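Report on the following structure.
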Amino acid sequence: MRLKLFDTIDEALALLEENNAFYHEVEKDIRKALKDLFANKTEMIVDVNSRVKSKESLREKIIRNRFYVDYQNAQDILDNLSDLIGFIIECRFIEDEYKVLNIIRERMNVRNEDDGYYCNEAHPLFYLDCASRQPQIQKNGFAIYRIDGYYLKNGVKVNMELQIKALVHSFWGEIEHKLVYKNTNYYVYDDFMKDLLASIKANLTITDRQLNIIYDQMQSTSLGDANITESSFEKQISKAINDLFATKMNESIGFTMNLKNTSTILGHYIFIKDIRYDGGNNDRIATLFRTFKKLNSIHMDFENEIVMEEGFYSQDVFVHILGTYLLSIINEDYDWFVFFNMLFAIEPGNNMEDFSLFLTVIRNYLVDNYWLNTSFVRLPMDQSDLLHDECSRMLANSLCEIGTIKIIHDDKMIAINKAFVKFIEELEKRVISYSDFMQNKEAYYDEWMTRMRKIFS
């Protein structure tokens with residue numbers, strides 16, 4: 001005979017499914033209330049995540065928390081489920097958690113005398129237990145900002161739970177949830193595992209503090225000190241990339257290569273593309289953390305070929321030549337394979353979009369468009385335009401001839417930029433026409449390659 005508790009569970013799951021649309025309506029109402037609550041106070045908030053309890057999670061919770069003993073029927077279980085709807089307010093840094101809590105307490109200031117919960121005048125159906133002691137201490141000994149609440153809709157009270165988490169705490173929460181809460185294996189070295197997890201969390205807290213300091217410095221320092229803070233932040237990005245992908249590579253192929261150089265390149269690329277030249281949009285910091293958090297939970301393949309979504313073509317001579325070459329060796333040269341595998345995982349677009357953007361950024365880093373387009377001004381405009389394309393072609397071909405991933409190492413790109421500027425300035429004095437350049441094109445290219453080989457020798 002089937003245990004009665006499983007009948008109770010089935011009834012609760014059926015009731016959850018029956019009311020699913022209603023609960024999602026409540027979820028939207030709460031989201032709007034929270035958005036209004038934080039109007040003009042969103043600078044520290046990265047994201048607001050929410051979910052309605054899933055059937056799988058509810059089944060597990062009924063058994064784990066013995067709800068089948070405490071409550072008589074399915075309706076009682078749902079009515080007493082504190083996190084039927086769950087919200088997480090993600091903020092940038094740990095110190096922002098308390099600031100978010102204070103905003104909630106300041107604006108949810110109308111007390112319900114019946115239960116002691118609070119609402120805001122603009123949203124009188126949404127209540128939170130703002131007077132509860134925060135942060136709360138979890139069973140694992142770690143602190144968390146967790147507030148019980150409920151929403152009244154059509155006379156029905158729907159319980160919800162609100163958590164406030166810094167990005168590193170959100171990241172940590174996923175690690176712990178998968179390694180401990182969801183892991184049914186018995187660990188003999190239980191104390192060792194606890195100490196190890198505590199050490200991981202401590203390191204994340206240190207990282208949070210370091211990034212907070214760097215962020216504050218980038219906000220307030222003078223231009224004279226900007227290089228110091230930029231360098232520190234770029235190193236943090238590179239370290240995060242290295243640590244994440246070293247783990248992913250080991251999971252995929254069973255060992256890890258030295259990814260330091262590749263991670264440094266990627267960190268620098270992301271920095272110059274999204275941080276230094278983004279017009280001060282510091283939300284990219286938060287976006288990167290969310291990306292790393294997401295990547296931590298997915299499987300990455302460092303063994304099978306990279307597949308590009310579509311054909312490649314660019315009207316830009318430099319981008320087209322270098323791009324065509326890189327696509328021809330992307331699955332043959334493992335250094336490039338690993339690099340683009342990591343790049344495509346981090347960047348938000350499809351592979352070809354990310355690939356084209358990468359090439360454009362590299363081109364702009366190596367050659368200033370304005371400078372190149374104002375060279376050879378002594379010649380007729382049509383001839384100077386043709387020469388600009390030929391010079392770009394020469395630079396791209398030389399990078400393809402060198403071929404290794406070192407062509408995008410930062411020190412090499414700086415050296416290439418300086419050498420190319422000097423080379424073009426010398427050509428301007430020597431070239432008297434486009435036809436003259438074309439007659440001596442091979443000799444000029446050989447001369448340029450001699451300079452390139454010295455850079456990479």
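Remember, it's a predicted structure, so these values are computed and weren't measured experimentally.
- The distance from the CZ atom of R59 to the OG atom of S57 is 10.5 Å, given to the nearest 0.5 Å.
- Taking the six-membered ring where tryptophan is involved, the planes of F340 and F355 are tilted, since the angle between them lies from 30° to 60°.
- Among residues at least two apart or in separate chains, salt bridge (Lys or Arg N to Asp or Glu O under 4.0 Å) pairs with a member in residues 149-164 are D29-K153, R146-E161.
- Considering every non-hydrogen atom in both D76 and N73, the closest pair reads N-OD1, 2.8 Å.
- The aromatic rings of Y151 and F126 lie tilted to each other, with the angle between the two planes from 30° to 60°.
- Side-chain N or O atoms of N120 include none that pairs as donor or acceptor with a backbone N or O of M108 at under 3.5 Å.
- F456 CZ: more than 12 foreign heavy atoms inside a 6.0 Å radius.
- A donor-acceptor pair is defined here as one N or O able to donate and one able to accept, closer than 3.5 Å; no such pair exists between the side chain of N154 and the backbone of V156.
- When the options D83, I147, L128 are evaluated for a side-chain contact (heavy atoms from CB on, under 4.5 Å) with M160, the one that passes is L128.
- Judged by distance alone, the side chain of S398 and the main-chain N or O of L395 form a donor-acceptor pair under 3.5 Å.
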Quick one, D335 with T404, criterion side-chain contact (heavy atoms from CB on, under 4.5 Å). Give me CA distance, side-chain angles, the key distance, then yes/no.
CA-CA 8 Å; D335 287 337; T404 71; over 6 Å; no

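- Under the 3.5 Å distance criterion, the side-chain polar atoms of K165 are left unmatched by any main-chain donor or acceptor of C91.
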Given side-chain hydrogen bond (donor to acceptor under 3.5 Å, both in side chains), test N304 with D301 step by step and report yes or no.
CA-CA 6 Å; N304 292 302; D301 185 359; 2.7 Å; yes

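- Taking all atoms of both residues into account, the shortest heavy-atom contact from N159 to D79 is ND2-O, 2.7 Å.
- A donor-acceptor distance shorter than 3.5 angstrom exists from the side chain of S263 to the backbone of L259, with no hydrogens or angles considered.
- Residues Q163 and Y145 have side chains not in contact (no heavy-atom distance under 4.5 Å, counting atoms from C-beta outward).
- Between M300 and A345, the shortest heavy-atom distance links the atoms CE-CB, 3.6 Å.
- Counting only distance, with no hydrogens or angles, the side chain of Y117 and the backbone of D114 share no donor-acceptor pair below 3.5 Å.
- In terms of heavy atoms, V307 sits closest to N351 at O-ND2, 3.1 Å.
- A 6.0 Å sphere centred on CZ of R66 holds no more than 12 heavy atoms belonging to other residues, nucleotides or ligands.
- At a threshold of 4.5 Å between non-hydrogen side-chain atoms, the residues D47 and I89 do not count as touching.
- For R111 (side chain) and Y118 (main-chain N/O), no donor-acceptor pair under 3.5 Å exists by modelled atom type.
- Nearest heavy-atom pair across I241 and M342 is CG2-CE, 3.6 Å.
- Side-chain contact between V338 and F302: present, with at least one pair of heavy atoms (C-beta onward) separated by less than 4.5 Å.
- Using bins of under 30°, 30° to 60° and over 60° for the plane-to-plane angle, the ring pair F339/W336 lands in the perpendicular bin.
- The main-chain N or O of F22 is never found under 3.5 Å from a side-chain atom of N19 such that the two would form a donor-acceptor pair.
- The pair R393-D389 does not meet the salt-bridge criterion, since no charged nitrogen lies less than 4.0 angstrom from a carboxylate oxygen.
- A donor-acceptor pair under 3.5 Å is absent between the side-chain atoms of N242 and the main chain of T264, judged by distance alone.
- Listed for the S252 side chain is no donor-acceptor partner under 3.5 Å among the backbone atoms of K248.
- Judged purely by distance below 3.5 Å, without hydrogens or angles, the side chains of Y325 and N397 never pair a donor atom with an acceptor atom.
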Ignoring hydrogens and angles, write down the donor-acceptor pairs under 3.5 Å from the side chains of residues 5-17, residues two or more places apart or on other chains.
unit_1: D7; atom_1: OD1; unit_2: R2; atom_2: NH1; d: 2.9
unit_1: T8; atom_1: OG1; unit_2: K4; atom_2: O; d: 3.4
unit_1: D10; atom_1: OD2; unit_2: R2; atom_2: NH1; d: 2.8
unit_1: D10; atom_1: OD2; unit_2: R2; atom_2: NH2; d: 2.9

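- The residues E97 and K99 are annotated as not salt-bridged, no charged nitrogen and carboxylate oxygen being separated by less than 4.0 angstrom.
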May I have the step-by-step check of ring-ring contact (aromatic ring centres under 6.0 Å, His included) for F337 and Y334, ending in yes or no?
CA-CA 5 Å; F337 170 83; Y334 199 67; 5.3 Å; yes

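- Across all their heavy atoms, R92 and D96 have their closest contact at CB-OD2, 3.6 Å.
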